[in-house]
Structures are given as C-alpha cells and as structure tokens.
Amino acid sequence: MKTLVSRLQTTAHLDRLRILGLCAHADLTICGLAEVLGLRREQVVRHVRVLTRANFLCCNEQRPQSSYHLQTGGRDGGLAQLLVDLLPHDDEYHKRDLERLEAVQEAWSNGTAA
C-alpha cells in the first residue's frame, strides 16, 4: 500500500500529469515537451527525470536527442495508463496541450517553428 501511495504522490503535480498526458500520445523530447507545455526546459527536465525514475515514462535514447513515451504495462498493472485514462477530456489544460501538440507536430513536419 505504501508503494502505491508513493507512486501516486510522484504524479500529484499538474505539470507531471500534463507530461504523462502528452507522452501517451507521442514520443517527445525535452525541448518538444517544453515547447508544447510552455515551460522552461529545466522544469521539464526535472519533472521528466522524476517520472522516468518512477517508471511512468520510458526513454528512447536515440541520438541526437532522447525522447520519452508513456510506460504501459509493467509490474504495477499499468498505473501510468490508468492515470492518463482518468484525465478529464474536457479539462482546459489537457485540451489545450493536445491542441498545441497537434499544432507543433504539424509545424515540425512542415519544417517550421510553431
């Protein structure tokens, strides 16, 4: 029970939940997350490090930049996916983040900045 409480406390931060929500939809770099979320890179690094150490995110260590995606399955029965599934679809942060992700991905595919 204490392990579950500890894991839930790890995600009990608005920006960490936003990161989980985005990484469930795409592999994203630190810079990509910072751009979509409108946060400083250092903030994103700190949150991603915490989420990765707690096995909520997986790192694809491809050069030149590593990317991150949601860790599904695992020994905790998919807690990360469950948390993402619980994110309210009508939440303003979540909707805006997904809209921004779509716009940024489109700009990336066109070779332009968002």
Side-chain angles (χ1 to χ4, degrees):
M1 194 78 90
K2 288 183 180 182
T3 301
L4 178 59
V5 169
S6 175
R7 290 187 46 75
L8 290 172
Q9 285 175 332
T10 299
T11 62
H13 189 285
L14 176 62
D15 293 333
R16 290 183 191 152
L17 287 173
R18 292 172 69 198
I19 289 168
L20 288 178
L22 288 169
C23 288
H25 287 87
D27 277 13
L28 294 165
T29 63
I30 296 293
C31 292
L33 282 164
E35 185 175 354
V36 172
L37 295 167
L39 297 175
R40 290 189 339 268
R41 186 180 175 278
E42 297 78 22
Q43 290 174 290
V44 174
V45 166
R46 186 174 58 247
H47 292 310
V48 166
R49 186 178 301 134
V50 169
L51 291 168
T52 301
R53 286 183 183 156
N55 292 318
F56 284 107
L57 295 179
C58 288
C59 178
N60 295 327
E61 296 186 29
Q62 298 175 350
R63 301 292 178 224
Q65 291 186 342
S66 300
S67 63
Y68 299 86
H69 64 272
L70 193 69
Q71 168 80 342
T72 56
R75 66 177 201 260
D76 63 9
L79 181 59
Q81 185 63 57
L82 175 64
L83 291 171
V84 168
D85 292 344
L86 290 172
L87 294 176
H89 296 290
D90 59 347
D91 177 75
E92 288 303 314
Y93 284 105
H94 190 56
K95 284 187 345 190
R96 186 177 56 227
D97 289 346
L98 294 178
E99 289 168 0
R100 180 81 175 132
L101 174 62
E102 188 176 315
V104 167
Q105 286 178 321
E106 185 174 323
W108 291 337
S109 69
N110 292 333
T112 60

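The first residue of the sequence shown is numbered 1, and numbering continues consecutively from there.
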Fill in: Heavy-atom neighbours of R41 CZ exceed 12 at 6.0 Å
no
Worksheet item: Would you find more than 12 non-hydrogen atoms of other residues, nucleotides or ligands less than 6.0 Å from E102 atom CD?
Response: no
If every non-hydrogen atom of [X] is compared with every non-hydrogen atom of [Y], which pair is closest and at what distance?
X   : Y    : answer
Y68 : C23  : O-SG, 3.8 Å
L33 : V48  : CD1-CG2, 3.8 Å
E35 : W108 : OE1-NE1, 3.5 Å
G21 : L87  : CA-CD1, 3.8 Å
E61 : S66  : CA-OG, 3.7 Å

With side chains defined as the heavy atoms from C-beta onward, is the minimum distance between [X] and [Y] less than 4.5 Å?
X   : Y   : answer
R16 : L20 : no
L22 : L98 : yes
L28 : S67 : no
I30 : Q65 : no

Worksheet item: Once you round to the nearest 0.5 Å, how far does OG1 of T52 lie from CD of Q71?
Response: 9.5 Å
Worksheet item: Which distance, rounded to the nearest 0.5 Å, do you find between the CG of L37 and the CD of Q43?
Response: 9.5 Å
Item to complete: For the pair R100 and D97, find out whether any cationic side-chain nitrogen is under 4.0 Å from an anionic carboxylate oxygen.
Response: no
Worksheet, complete the sentence: Members sharing Y93's hydrophobic cluster, built from side-chain contacts under 4.5 Å between Ile, Leu, Val, Met, Phe, Trp and Tyr, are L14
Worksheet item: Which residues pass the side chain to side chain contact (heavy atoms under 4.5 Å, CB included) test with L4, sequence neighbours left out?
Response: L8, L79
Discussion item. Going by side chain to side chain contact (heavy atoms under 4.5 Å, CB included), name the residues that satisfy it together with D85, two or more places apart in sequence or in a different chain.
Written reply: Q81
Discussion item. Main chain of D90, side chain of H94: is a donor-acceptor contact present, judged purely on distance under 3.5 Å?
Written reply: no
Discussion item. Would the distance check show the side chain of S109 and the main-chain N or O of E106 forming a donor-acceptor pair, the cut-off being under 3.5 Å?
Written reply: yes
Worksheet item: Step by step, would you call K95 with E92 a salt bridge (charged side-chain N to carboxylate O under 4.0 Å, His left out)?
Response: CA-CA 5 Å; K95 284 187 345 190; E92 288 303 314; 3.5 Å; yes
Discussion item. Please determine whether residues L86 and I19 belong to a single hydrophobic cluster, defined as Ile, Leu, Val, Met, Phe, Trp and Tyr linked transitively by side-chain heavy-atom distances below 4.5 Å.
Written reply: yes
Worksheet item: When clusters are formed by joining ILVMFWY residues with side-chain heavy atoms under 4.5 Å apart, either directly or through shared neighbours, do L39 and L51 land in the same one?
Response: yes
